[in-house]
Asker: 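Could you have a look at this structure, given as structure tokens, before my questions?
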Amino acid sequence: MRAAIMALALWAAAPSQPAWSKAGGVFLENLTWTEVRDDLRAGKTTIIIPVGGTEQSGPHIALGKHNARARVLAGKIATALGNALVAPVIAYVPEGSITPPAAHMRFAGTISISDDTFKSLLSSAARSFRQHGFTDIVLIGDHGGYQSQLKAVATRLNREWAGTRTRAHYIAEYYKAADIDFPKILRDKGYTDKQIGVHAGLADTSLTMALDAGLVEQENTARAAREGKAAGVDGDPRASSAALGQLGVDLIVAKTVAAIRSAQNEQR
């Protein structure tokens, strides 16, 4: 009994810990509203809005590739920043004309929305976070087709919020690291541009394997290489590996974290 009383006294005397919720959990959708409120009060005022997309990536990569990658990478980036949360991934993005179908819409399962709908969705999400007290709203996108729209939304929001503490940051370095810098690393390792490709090839497949191997059906990579563009593939994924993809993961996280910190420092 005496030991129990002493333990209770020690617990009562212990200083309260305004630590981050759930041992540092960064995904907004996994937290309660009170945990988000407490994180904001403790200084976690950066929110990352990761943008993915639901599109075909050949016969060997699942349609949710961009969504899965954007979520995992945003989580790693938020953890490295130390003062950020991650919003739910935006999975509905412009993917081309619906009728008649164009671009990725020519393949079953792809989902497309209009540019105006996309920009309105992003803007509404950002304004919601500002209302709750987030002061740095970060836009990153895993797909190349809407990068200019992310930039346009951030520019418009910053005009709207001029004179306030809140800023929107379009971080181009996230996509550049995946689209330009990672392929350069692969070239330096001896892989050809034909292998690396620009969609569902070596780079794309390896990056996906490193982040969520369950999304890749390796037994279909030979078919992807053989059928090529007819199957929605530009590149040769047969030599893909999680080890190669991890090189891209590390690069994307490091460059994005540095770019966000730089953007935050510039506004102060």
Asker: Dump the intermediate steps for side chain to side chain donor-acceptor pair (under 3.5 Å) on S120 and S123, then the final yes or no.
Answerer: CA-CA 5 Å; S120 179; S123 298; over 6 Å; no
Asker: Closest approach of H199 and Q56, non-hydrogen atoms and distance?
Answerer: NE2-O, 2.9 Å
Asker: When rounded to the nearest 0.5 angstrom, what is the spacing between OG in S128 and CD1 in I49?
Answerer: 8.5 Å
Asker: Using atom types as modelled and distance alone, determine if a side-chain donor or acceptor of N83 lies under 3.5 Å from a backbone N or O of K44.
Answerer: no
Asker: Identify whether the distance between the nearest side-chain nitrogen and carboxylate oxygen of R187 and D193 falls below 4.0 Å.
Answerer: yes
Asker: Between the main-chain N or O of S241 and the side-chain N or O of S206, is there a donor-acceptor pair closer than 3.5 Å?
Answerer: yes
Asker: So how far is it from H60 NE2 to M209 CE, rounded to the nearest 0.5 Å?
Answerer: 9.5 Å
Asker: Classify the angle between the aromatic ring planes of F129 and F134 as parallel (below 30°), tilted (30 to 60°) or perpendicular (above 60°).
Answerer: perpendicular
Asker: Quick check with a 6.0 Å cut-off and a 45 degree axis cone: is R37 positioned over the face of W33's six-membered ring?
Answerer: yes
Asker: Could you check R167 against D136 for salt bridge (Lys or Arg N to Asp or Glu O under 4.0 Å), going step by step and ending with a plain yes or no?
Answerer: CA-CA 5 Å; R167 287 293 177 271; D136 289 284; over 6 Å; no
Asker: Could you check whether any side-chain N or O of E266 sits under 3.5 Å from a backbone N or O of A263, counting only pairs where one atom can act as donor and the other as acceptor?
Answerer: no
Asker: For residues V86 and P50, report the shortest heavy-atom separation together with the two atoms involved.
Answerer: CG1-CG, 3.8 Å
Asker: Is the side chain of Y146 donor-acceptor paired with the backbone N or O of G52 at a distance under 3.5 Å, no angle test?
Answerer: yes
Asker: Is any side-chain heavy atom of E29 less than 4.5 Å from a side-chain heavy atom of L31?
Answerer: no
Asker: Could you tell me whether the side chain of S124 and the main chain of L121 form a donor-acceptor pair under 3.5 Å?
Answerer: no
Asker: Hydrophobic clusters here meaning ILVMFWY residues chained together by side-chain heavy-atom distances under 4.5 Å, can you tell me if V89 and Y174 are in one?
Answerer: no
Asker: Looking at E217 and R223, is there a salt bridge between them, counting it only when a charged N and a carboxylate O are closer than 4.0 Å?
Answerer: no
Asker: If you count every heavy atom of other residues, nucleotides or ligands that lies below 6.0 Å from R156 atom CZ, does the total exceed 12?
Answerer: no
Asker: Could you pull out the closest heavy-atom pair between V26 and A84, with the gap in Å?
Answerer: CG1-O, 3.8 Å
Asker: Kindly compute the distance separating CD (E173) from CG (D181), expressed to the nearest 0.5 Å.
Answerer: 9.5 Å
Asker: First locate atom OG of S112, then atom NE2 of H104, and finally report the distance between them rounded to the nearest 0.5 Å.
Answerer: 10.0 Å
Asker: Return yes when atom OH of Y92 has more than 12 non-hydrogen atoms of other residues, nucleotides or ligands closer than 6.0 Å, and no otherwise.
Answerer: no
Asker: Could you check whether any side-chain N or O of T221 sits under 3.5 Å from a backbone N or O of Q218, counting only pairs where one atom can act as donor and the other as acceptor?
Answerer: yes
Asker: Can you tell me if CD on E160 sees more than 12 non-hydrogen neighbours from other groups inside 6.0 Å?
Answerer: yes
Asker: Decide whether L150 and I90 are clustered together by the hydrophobic rule: side chain heavy atoms of Ile, Leu, Val, Met, Phe, Trp, Tyr closer than 4.5 Å, transitively.
Answerer: yes
Asker: Using side chain to side chain contact (heavy atoms under 4.5 Å, CB included) as the criterion, point out the one residue from V153, V51, I171 that pairs with L139.
Answerer: V153
Asker: Pair T208, K65 - check side chain to side chain donor-acceptor pair (under 3.5 Å), show working.
Answerer: CA-CA 7 Å; T208 305; K65 168 194 76 180; 5.7 Å; no
Asker: Out of curiosity, H66 NE2 to E55 CD, how far, rounded to the nearest 0.5 Å?
Answerer: 3.5 Å
Asker: For the CD atom on Q131, are there more than 12 heavy atoms of other groups (residues, nucleotides or ligands in this structure) within a distance under 6.0 Å?
Answerer: no
Asker: Side-chain heavy atoms nearer than 4.5 Å, only ILVMFWY residues, links allowed to pass through others: does that put I137 and L85 together?
Answerer: yes
Asker: Does a salt bridge link D204 with R69, judged by any charged N lying under 4.0 Å from a carboxylate O?
Answerer: yes
Asker: Would a distance-only check, ignoring hydrogens and angles, find a side-chain to backbone donor-acceptor pair under 3.5 Å from N265 to R261?
Answerer: yes
Asker: Suppose clustering is done on Ile, Leu, Val, Met, Phe, Trp and Tyr with side-chain heavy atoms closer than 4.5 Å. Which residues sit in the same group as M105?
Answerer: I98
Asker: Mind checking the OG1-OH spacing from T256 to Y175? Nearest 0.5 Å is all I need.
Answerer: 13.0 Å
Asker: Should D115 and K119 count as an ion pair when the cut-off is N to O under 4.0 Å?
Answerer: no
Asker: Do the side chain of Q246 and the main chain of A243 share a donor and acceptor less than 3.5 angstrom apart?
Answerer: no
